[in-house]
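A short worksheet on the structure shown next.
For ligands, and for the atoms within them, numbers begin at 1 and follow the listed sequence.
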Amino acid sequence: MLNNRTALVTGSTSGIGLGIAEQLAANDANVVINGFGDADEIAAIVARLDALGSGRVAYGAADMRDADAVRALVEQVAADHGGIDILVNNAGIQHVAPIEEFPVEKWNDIIAINLSSAFHASAAAVPHMKRAGFGRIVMMASAHALVASPFKAAYVAAKHGIAGLTKTLALELAEHHVTCNAICPGYVYTPLVERQIPDTAKARGISEEEVKRDVLLAAQPTREFVTIEQVAALALYLCRPEAAQITGTTLSMDGGWTAR
Ligand code: NAD
């Protein structure tokens, strides 16, 4: 369905990004994955995804904290495939701490990875998309692009920034057949969520079990985690021709969290 389309998914060696890369590869797109990890494990992911569909799957090692490396990765993808049609700005990290203890380097990293990398990658990809007269930019935002939680200053600030960037790009690109949308998941049980449980327990003075029950799932009226497959299916839909008129939106998939 996406044959002859080329996609770059940032932060896709794990979690949601990997799930999206799988869906795109299974639907015959060329896919470039990115992110940290053991070289053998990454090679195994590339081989597994490559076998899913008719497109080619490769890996690009840019660190999303490095603006030049982000832009160079996009240019490399476009050079290798004659363009870039789909950009999924997914890479993201989290840190949980009260504002007065929030480490400056964590603030800088979160703003760089969760917000600025989306700016740099989009800026580099847009000329190729305009030239082709087609493009899909999918931002992995969060319920935290719409509402806040305590102790997540950098993450909430970055994700609210992503919502603004999404709307701005949608308006700039509206007449070029390039859409830009933000997916806003609630809690998805990935390594990113697993890692924040001990810090949240410490910041709130409660047990890790209480964090899962009373903090994470308490936010979601359905009391269920969102799954990677559900988020990936929405990302895939946004890349389809049927989604041509969906642009500039924040699409919630949060079990009712932001309905309150
Ligand atoms: P994850 O930790 O499973 O995956 C993050 C990916 O980003 C990994 O591939 C990692 O290697 C990569 N990455 C981290 N730092 C990087 C860097 N400097 N350069 C390049 N790659 C880097 O996390 P996830 O839960 O799958 O999160 C993916 C996105 O989804 C993030 O933007 C996150 O904010 C968002 N999100 C997650 C949830 C959730 O509950 N898990 C909810 C809403 C939004």
Under 3.5 Å, sequence neighbours excluded: what are the donor-acceptor pairs made by side chains of residues 168-175?
| residue | atom | partner | partner atom | Å |
| --- | --- | --- | --- | --- |
| T168 | OG1 | G164 | O | 2.8 |

Exercise. What do the steps show when you test F102 against H95 for ring-ring contact (aromatic ring centres under 6.0 Å, His included), and what is the final call?
Worked result: CA-CA 8 Å; F102 211 95; H95 188 79; 5.4 Å; yes
Problem set entry | Intermediate values then yes/no, side-chain contact (heavy atoms from CB on, under 4.5 Å), D80 and N30 | CA-CA 10 Å; D80 288 348; N30 299 314; over 6 Å; no
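V188 places a side-chain heavy atom less than 4.5 Å from the side chain of I16.
Residue S117 holds its OG atom at 11.5 Å from CZ of R71, rounded to the nearest 0.5 Å.
Under the 30°/60° scheme for interplanar angles, the aromatic rings of Y187 and W257 are found to lie parallel.
Protein residues with any heavy atom under 4.0 Å from ligand 1: G11, S12, T13, S14, G15, I16, N34, G35, F36, A62, D63, M64, R65, N90, A91, G92, I93, I113, M140, A141, S142, Y155, K159, P185, G186, Y187, V188, T190, P191, L192, V193, R195.
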